[in-house]
Number of protein chains: 2
Amino acid sequence: MVGIKEVAAHAGVSVATVSRVLNDSPKVTEETRAKVHAAVKALRYRPNAVARSLRTEATHTLGLIIGDILNPFFAVLARAVEDEARAAGYTVVIGNADERPEQQDHYVRTLLEQRVDGLLICPTAEVTPLVEDCVAAGGPLVFLDRTLPGLEVPSVRVDGTSAIHELIRHLHDLGYRRIAFISGPELLSTGRERTQAYMDAMRASGLEIREEYMEAGDFQAASGQAIAARFLELPEPPQVIFAGDNLMALGALDEIRARGMRIPEDVALASFDDVAWFVHVDPPITAIAQPAEELGRRAVRALLERIEHRPVEPVVLPARLVTRRSCGETGKP
Amino acid sequence: MVGIKEVAAHAGVSVATVSRVLNDSPKVTEETRAKVHAAVKALRYRPNAVARSLRTEATHTLGLIIGDILNPFFAVLARAVEDEARAAGYTVVIGNADERPEQQDHYVRTLLEQRVDGLLICPTAEVTPLVEDCVAAGGPLVFLDRTLPGLEVPSVRVDGTSAIHELIRHLHDLGYRRIAFISGPELLSTGRERTQAYMDAMRASGLEIREEYMEAGDFQAASGQAIAARFLELPEPPQVIFAGDNLMALGALDEIRARGMRIPEDVALASFDDVAWFVHVDPPITAIAQPAEELGRRAVRALLERIEHRPVEPVVLPARLVTRRSCGETGKP
DNA sequence: TCCTCCCATGTAATCGTTTCCATGAAGGGA
DNA sequence: TCCCTTCATGGAAACGATTACATGGGAGGA
């Protein structure tokens, strides 16, 4: 492949001059600049970013490690991160941890070796030694969506607490009393937060928190289905099933349908985390919408601040309740 | 950051030896190997992939340029590509062209500069000069899902023709005669192919191809909605709307719902390209399923063959008709 | 006319690896 | 005992860019 040397030879100048032209340094004659550009075009020269990065110690690349690209929430997040990063002149390398700590570690390792300029992680479950190292090493790192306890890392996340309170109030107002919750993994900050908010909100509305109306899934559809099944088998089944994320809501929906039950007449359904097609399901599903794009954009901005050694304070965005027909009549007092 | 030199000093050996240990070359004593590993661990050494790539001329990275990560079809594709690539020791950099030629070019340029070992492109519309260059330069390149005319590039794609014939036959058997088609952009090979197959299949079933029952969208939801609206406004509206991709099907679904029409009683709906939530819509939507995972995996394999300079023949996978309730009673003769 | 200053340009070191080649010690066969 | 072979190890040259520093020519002032 043609390098800067060939360009220099073709243009009759030194490699230094070519480099200056390419980085449009001001100290170069208009004439030589033209010659170099001509040579670049003639030889179809493409700068070698690898060599440049080696010398400049910057790759203009960000790493993003997410739970699962097939989850629409993460897809939207990834898309937003990419857009914002591109606007700032960065490329994003996405790693799919698939919610597995070892795969998360695989990507942390790979991305560190690739010398990404910064790392955005939606941490999966545990504090792995690698992540700890990474924090200790002080490389630019920002936690996205989720946080890990005990680590001094800036984070950009959504707080769903008030939206969950709103949802429970809404359900209470509609006359529902027996509200079950399919929670997420205890190991994830988002899982813990939503569970806590559910319990607080139930108490706040004067509703009873029943042991058998709470069970933890793994944020995947299958667990939502299984748990919904158990709820519906109870001697006194819940009137509402509230799922802790969109995939478990999907699983619950399948289970309810499979039993030939009607929504919301036989059982109502709500989801934390709204996705585009919830509108198209029959009935449309009441959900708590997270500002995923905003989240992604803010995360990139925070990371860039860290990269430039500016102080960065944590970002917490609010979620929003979107009421639809899956919980019965809305819009009526 | 600590480099190979520090490791060498700490272990009391030369950099050459450290390098040999890291690449586990056989010609190294068990004893020195141990010393080096100890030093690596003690110093928390991380190999610098940038420097390594510069020297070895290989980045172990593949580029993937897709239309839009928010389209579930591409999300599944991207996921499969990543999985297969990781299994082969490669990292994938995903570029979101957003169906815009200039953004596609942005990624082609960036990825070439990053010296990816190979490039997987779902080409957007036009043959841009950059892509032409890229082909001329002979860098490992494979077209995925879509192809570009007149370029000698191996491709891995789905042929939906027979599935479309099957669909039209199915609709004909159910008694439908007026079948409208929301086609994709003429500029995309997939768009052209599906349109051609629709027309052929209509003729094969002895059905009339009516000018007003064909209109091209842009593979995005909004266009599907607008075109469905026009179809439904016709003096003699179609009995079935067949959308050329999942997003346009979604748009059409919205339009039909907005008009308070019932599916399939008032108008039936079918989609090229099946997505997970089609099952959960009411009624579930008849669709032509593409083997997206298989497509992604085969594309990576083909690309790796090209990288290793082995001959690679084009791959064409069949699509499959999945009948559901949106086109009326199925499973009955 | 000559000195000085400026500024465009060139030379060469450098980034962290890999890898070719040299080196020297050890071992074995004669 | 000596020489040849084998093999682990080290020295140093790449890879392709950036950049500090050197250089030289031209212009302008005295």
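Residue numbers begin at 1 in each chain, while the letters A, B, ... track the order of the sequences.
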**OP:** Sequence neighbours left out, what passes salt bridge (Lys or Arg N to Asp or Glu O under 4.0 Å) with A/Arg301? Give chain and number order.
**Re:** A/Glu84
Residue list, side chain to side chain donor-acceptor pair (under 3.5 Å) with [X], at least two apart or on another chain:
{"X": "B/Ser14", "value": "B/Thr17"}
{"X": "A/Glu193", "value": "A/Arg157"}
{"X": "B/Arg55", "value": "none"}

Subject >> Where protein sits on nucleotides 15-28 of chain D, one letter per nucleotide: B base, S sugar-phosphate only, - none, heavy atoms under 4.0 Å >> reply: BBBBB---------
**OP:** May I ask you to decide whether A/Arg79 forms a salt bridge with A/Glu82, counting only side-chain N to carboxylate O separations under 4.0 Å?
**Re:** no
Subject >> Bend angle of the helix from C/dT1-D/dA30 to C/dA30-D/dT1, end axes from five pairs each (to 10°) >> reply: 60°
Tell me which donor-acceptor pairs under 3.5 Å the side chains of residues 304-311 of chain A have, and how far apart each pair is, sequence neighbours excluded?
from     : atom 1 : to       : atom 2 : distance (Å)
A/Glu305 : OE2    : A/Arg310 : NH2    : 2.9
A/Glu308 : OE1    : A/Arg310 : NH2    : 2.5

Original post:
In Å and rounded to the nearest 0.5 Å, what is the CG to CG distance from A/Leu70 to A/Asn96?
Top reply: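 It comes to 7.0 Å.
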Subject >> Inter-residue atom distance B/Tyr107.OH - B/Asp98.CG, 0.5 Å rounding >> reply: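 Spacing of OH (B/Tyr107) from CG (B/Asp98) equals 9.5 Å.
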**OP:** Tell me, please, the opening and closing nucleotides of DNA chain C, 5' to 3', among those with an atom under 4.0 angstrom from a non-hydrogen atom of chain A.
**Re:** C/dA8 to C/dG16
Subject >> Residue pairs involving residues 115-139 of chain A (criterion ring-ring contact (aromatic ring centres under 6.0 Å, His included); sequence neighbours excluded) >> reply: none
Name every donor-acceptor pair, under 3.5 Å, that has one atom in a side chain of residues 134-152 of chain B and the other anywhere in the protein, sequence neighbours excluded.
from     : atom 1 : to       : atom 2 : distance (Å)
B/Arg146 : NH1    : B/Glu99  : OE1    : 3.1
B/Arg146 : NH1    : B/Pro123 : O      : 3.3
B/Arg146 : NH2    : B/Glu99  : OE2    : 2.9

Side chains of residues 111-119 of chain A: which donor-acceptor partners sit under 3.5 Å, not counting sequence neighbours?
from     : atom 1 : to       : atom 2 : distance (Å)
A/Arg115 : NH1    : A/Leu112 : O      : 3.1
A/Arg115 : NH1    : B/Pro47  : O      : 3.3
A/Arg115 : NH2    : B/Arg46  : O      : 3.0
A/Asp117 : OD1    : A/Thr59  : N      : 2.9
A/Asp117 : OD1    : A/Thr59  : OG1    : 3.2
A/Asp117 : OD2    : A/Thr59  : N      : 3.4
A/Asp117 : OD2    : A/His60  : N      : 2.6

Original post:
What closest approach, in Å, do A/Ala292 and A/Val76 show between heavy atoms, and which atom pair accounts for it?
Top reply: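 Where A/Ala292 meets A/Val76 most closely, the heavy atoms are CB-CG1, 3.6 Å.
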Original post:
Listed in order of residue number, which residues of residues 31-40 of chain A have a non-hydrogen atom at under 4.0 Å from DNA chain D?
Top reply: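 Contacting residues: none.
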